[in-house]
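One structure below.
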There are 2 protein chains.
Amino acid sequence: MTDSVDRILQQWSKARPDLDCSAMGVVGRVGRVSMLWGKQMDAVFEPQGLSRVEFDILATLRRSQVPLTPTELYQTLMLSSGAMSTRIEVLVQRGLIERMASEEDRRSCKVALTEQGVAVLDQALESHLANMDQMLSCLDGDDKTQLAGLLKKILLSSE
Amino acid sequence: MTDSVDRILQQWSKARPDLDCSAMGVVGRVGRVSMLWGKQMDAVFEPQGLSRVEFDILATLRRSQVPLTPTELYQTLMLSSGAMSTRIEVLVQRGLIERMASEEDRRSCKVALTEQGVAVLDQALESHLANMDQMLSCLDGDDKTQLAGLLKKILLSSE
DNA sequence: TATTGTTATACTCTATAACTATA
DNA sequence: TATAGTTATAGAGTATAACAATA
């Protein structure tokens with residue numbers, strides 16, 4: 001069987017037979033899978049009115065189980081402080097999170113999910129998990145284990 | 001060894017032990033690898049003054065070996081026609097591509113690389129290939145073959 | 001009427017840096 | 001002086017829809 005990346009590799013082998021483009025077989029496919037899955041995830045979060053970044057913020061708060069500072073959030077999610085402030089303000093306006101003054105440091109604050117924020121996140125998370133299972137339904141258990149292991153090898157060497 | 005996704009999974013297992021988040025072990029890692037590699041690729045193309053989309057346009061023209069219409073380009077690269085027109089105009093202004101009137105259909109045109117466009121693309125491609133090899137240097141030959149195969153399985157089921 | 005490509009518009013998201021208030 | 005968080009600004013990039021020319 002031939003996928004879109006195979007077709008690209010075939011074109012390169014004709015246009016530039018002198019080059020070894022085999023790395024594209026991995027890198028190109030990671031990029032393409034990520035793009036397709038990304039669009040699919042956007043569609044999953046959209047009914048809840050959430051962008052992917054907004055989901056990530058809520059999910060980070062949910063799984064940490066304790067309020068986090070804006071600094072912890074933007075470092076975890078690799079956003080600028082300004083971008084995080086904007087996102088936080090939007091989510092506060094929607095009633096999904098709330099800022100709580102810090103007791104130790106009066107410059108700082110803690111961000112926590114509201115009751116409604118927990119409900120929205122849990123609903124989005126459920127859809128997200130179901131969608132991910134569906135995205136992986138073409139792989140058997142061994143495939144998933146192998147794939148996760150290979151990607152982890154990459155992350156361990158680059159993080 | 002523990003990577004960033006393992007830590008996220010550990011947090012979920014404590015915060016929501018009722019959920020099966022195993023799919024995140026694959027989907028989360030694909031997203032994270034793609035983001036890290038994406039930033040690295042942006043840095044590789046930057047010295048040539050190219051964005052990733054611009055590189056993709058030039059590379060698509062190079063490997064097809066024939067001039068392409070704007071429609072073919074935006075469908076291949078999954079952009080809107082308006083976005084493609086803007087990109088094409090920028091690349092024309094930089095002297096990297098040129099529009100040629102179509103002979104059969106006077107509404108249409110063909111886009112082709114200029115001599116300079118070929119040179120810039122070839123240089124960027126060389127850097128890109130070297131960078132991709134480096135990104136994959138943590139994997140042995142079998143790993144790369146397996147990884148490409150698993151990702152291809154996903155693409156074949158979703159494209 | 002439908003299609004090709006361009007243009008005009010508006011929108012989303014972001015990073016940067018200036019700013020405030022504390023430390 | 002340095003740091004936490006916010007705000008103001010500007011920039012990049014896009015999609016959408018209106019448009020002109022042609023099929």
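Residue numbering restarts at 1 for every chain, and letters A, B, ... go by the order of the sequence lines.
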- Of residues 74-100 of chain A, the positions that come close to DNA chain C - non-hydrogen atoms, cut-off under 4.0 Å: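 Output list: A/Leu79, A/Ser80, A/Gly82, A/Ala83, A/Arg87.
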Separation of atom [atom1] in [X] from atom [atom2] in [N], rounded to whole Å:
| X | N | atom1 | atom2 | answer |
| --- | --- | --- | --- | --- |
| A/Glu46 | C/dT12 | CD | C1' | 14 Å |
| A/Arg106 | C/dT20 | CZ | P | 18 Å |
| A/Leu73 | C/dT14 | CG | P | 14 Å |
| A/Asp105 | C/dT20 | CG | P | 19 Å |
| B/Asp42 | D/dG13 | CG | P | 10 Å |
| A/Glu104 | D/dT3 | CD | P | 18 Å |
| B/Asp56 | D/dT14 | CG | P | 11 Å |

- Message: Using every non-hydrogen atom in the two residues, find where B/Leu125 and A/Leu19 come nearest and quote the distance to one decimal.
- Response: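 Smallest heavy-atom distance, with atoms named: CD2-CD1, 3.5 Å.
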- Checking salt bridge (charged side-chain N to carboxylate O under 4.0 Å, His left out) for the pair A/Glu46/A/Arg52: CA distance, chi angles, key distance, verdict? CA-CA 9 Å; A/Glu46 199 238 14; A/Arg52 227 182 306 171; over 6 Å; no
- Task: For A/Val53 and for B/Glu72, locate the closest nucleotide of DNA chain C by heavy-atom distance; then report the residue assigned to the nucleotide nearer the 5' terminus.
- Result: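 Its nearest nucleotide lies further toward 5', so the answer is B/Glu72.
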- Side-chain donor/acceptor of A/Arg107 to base of D/dT3, under 3.5 Å: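 In this structure, the two groups form a donor-acceptor pair.
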- Item | Residue pair A/Val27 / B/Met135, side-chain heavy-atom distance below 4.5 Å |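 SC-SC contact between A/Val27 and B/Met135 confirmed.
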- Message: Can you tell me how the ring of B/Phe45 sits relative to the ring of B/Phe55, calling it parallel under 30°, perpendicular over 60° and tilted otherwise?
- Response: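 B/Phe45 vs B/Phe55 ring planes: parallel.
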- Task: Have a look at A/Lys153 and tell me which of B/Asp143, B/Asp140, B/Asp3 forms a side-chain hydrogen bond (donor to acceptor under 3.5 Å, both in side chains) with it.
- Result: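 One option only clears the test, and that one is B/Asp143.
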- With a non-hydrogen cut-off below 4.0 angstrom, is B/Ser102 in contact with a base, only sugar-phosphate, or nothing?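 The residue B/Ser102 makes no contact with any strand.
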- Checking B/Thr60 side chain against B/Asp56 main chain: does a donor-acceptor pair fall under 3.5 Å?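 Judged by distance alone, yes, a pair lies under 3.5 Å.
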